[in-house]
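Here's the structure we're looking at; comments come further down.
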Amino acid sequence: MEKDKYGIETSISQPAIKLFKAADIDVEFVKVSAEKPDPNRLMFGTVFSDHMLMIHWSSARGWERPQIKPMQNLSLHPAVSALHYAVELFEGLKAFRGVDNKIRLFRPMLNMERMLHSARRACLPSFDPKELLECIKKLVVIDREWVPYSNTASLYIRPVLIGTEPSLGVKIATRALLYVILSPVGPYFSKEGFSPVSLWANPKYVRAWKGGTGDCKVGGNYGASLLAQSEALTAGCQQVLWLYGEEHYVTEAGTMNMFIYWTNEHGEEELVTPPLDGIILPGVVRQSILDLARKWNQFKVDERPVTMNELVKAIQQNRVTELFGSGTACVMCPVGRILYKGENLHIPISQNGLKLTTRLLESLTNVQYGKVESDWACLVI
Ligand code: COI
């Protein structure tokens with residue numbers, strides 16, 4: 001039985017019947033382009049570009065021709081399965097305006113493949129990931145003026161696939177809509193640099209579990225995190241450190257993958273992140289950090305489970321050098337404090353600290369903004 005790289009049998013996905021092709025795109029342009037926002041004053045995900053991509057699917061007819069249209073509201077039957085049973089998924093990637101004024105995406109095929117994986121898990125139709133990427137590139141070319149003229153801001157690309165089955169029956173959708181919207185987003189951190197976040201580590205709420213959807217980008221994972229996030233804020237922390245199981249395994253932080261850079265129990269300098277065992281989202285930045293660190297070959301790099309006991313002991317013994325999250329939105333985000341079992345654990349950030357976090361971030365942004373040549377950069381225009 002053929003499986004995708006995350007372990008789902010590929011035959012499980014709904015056959016598309018007829019695939020869509022980027023060459024068939026119909027375009028309807030806006031009459032007047034909206035005013036572009038100031039890249040220094042952007043609130044994440046609140047401003048949208050002029051156009052969107054829409055592709056309808058039905059089990060009877062397969063995928064329709066892709067359409068690029070003026071950004072608009074959707075018209076949906078009130079019973080659609082996306083709204084009632086969360087039959088939906090999304091992706092997040094960015095387009096960057098480089099120092100040479102060219103526009104690039106960062107390893108976008110990893111997002112396309114992960115989207116296909118999420119589609120299998122949600123029993124939504126499969127598609128050709130290369131063709132979806134071509135459609136997205138066409139959309140970005142049309143809205144290229146929306147890619148901020150800034151070497152810290154970018155254009156966030158949000159592909160979404162929803163079940164549009166107009167029925168209250170809990171069943172596999174026979175209709176779906178894939179759409180992509182674009183939103184210019186500002187830098188996650190201020191010009192002054194990193195501001196380390198605090199994490200609320202409490203096993204009361206669980207983000208994901210074995211056999212669940214933790215390794216898929218489905219909306220339910222995020223909507224169900226809000227109560228824990230609000231308790232974290234009440235407890236004086238900025239984000240949740242998601243724990244798993246009796247052993248309180250460290251999994252993710254907020255919407256980010258987690259990394260620990262420490263001297264491990266065997267006295268080795270090591271960068272470690274939880275393994276892709278079904279409860280961890282296979283982040284593109286996560287993968288890129290692992291790839292870079294392995295290429296540098298200057299310290300041990302490992303994907304293995306770490307318990308809170310191990311982390312607490314290492315913090316108390318001053319063995320943790322840097323602790324950080326990674327994700328598309330923030331790229332990298334250092335952690336300065338963890339509140340666990342009523343105790344504040346501080347990660348000391350020394351004068352020349354965050355060396356690895358800074359080095360990794362610079363290596364990634366150098367590729368994104370075209371400062372160095374790399375096959376991770378996908379040229380749009
Ligand atoms: C990311 O940073 O990768 C995200 O998924 C954040 C998004 C849910 C806003």
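Counting starts at 1 for both ligands and their atoms, in listed order. Note: hydrogens, waters and symmetry copies are ignored here, and every other heavy atom, side chains too, is used.
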Checklist entry - What about F299 and Y261, are their ring centers closer than 6.0 Å? => result yes

Checklist outcome for this item: Residue, atom and distance of the protein heavy atom nearest atom 6 (C) of ligand 1 read T255 OG1, 3.8 Å

Checklist entry - Atom OG1 of T255 and atom CG of L281: how far apart are they, to the nearest 0.5 Å? => result 9.5 Å

Item to check | Donor-acceptor contact below 3.5 Å, side chain S198 vs main chain Q238 | outcome: yes

Item to check | T328 N/O to ligand 1 N/O under 3.5 Å | outcome: yes

Next on the checklist: For M256, state whether at least one heavy atom is located under 4.0 Å from any atom of ligand 1.
Outcome noted: no

Checklist entry - Is there a side-chain contact between I289 and M332 (heavy atoms, below 4.5 Å)? => result yes

Checklist entry - Are any of the side-chain nitrogens in E362 or R359 under 4.0 Å away from the carboxylate oxygens of its partner? => result no

Next on the checklist: Which residue and atom name correspond to the protein heavy atom nearest atom 9 (C) of ligand 1, and how close is it?
Outcome noted: F44 CE2, 3.7 Å

Next on the checklist: Are any of the N/O atoms on G327, whether in the backbone or the side chain, positioned under 3.5 angstrom from an N/O atom of ligand 1?
Outcome noted: no

Checklist entry - Can you tell me which residue and heavy atom of the protein come closest to atom 2 (O) of ligand 1, and the distance to 0.1 Å? => result A329 N, 2.8 Å

Next on the checklist: What I want to find out is whether D302 reaches R304 closely enough, with some N-O distance under 4.0 Å, to be called a salt bridge.
Outcome noted: yes

Checklist entry - What protein heavy atom is closest to atom 4 (C) of ligand 1, reported as residue, atom name and distance in Å? => result K217 NZ, 3.7 Å

Checklist entry - Considering only protein heavy atoms, which is closest to atom 8 (C) of ligand 1, and at what distance to one decimal place? => result Y222 CE2, 3.6 Å

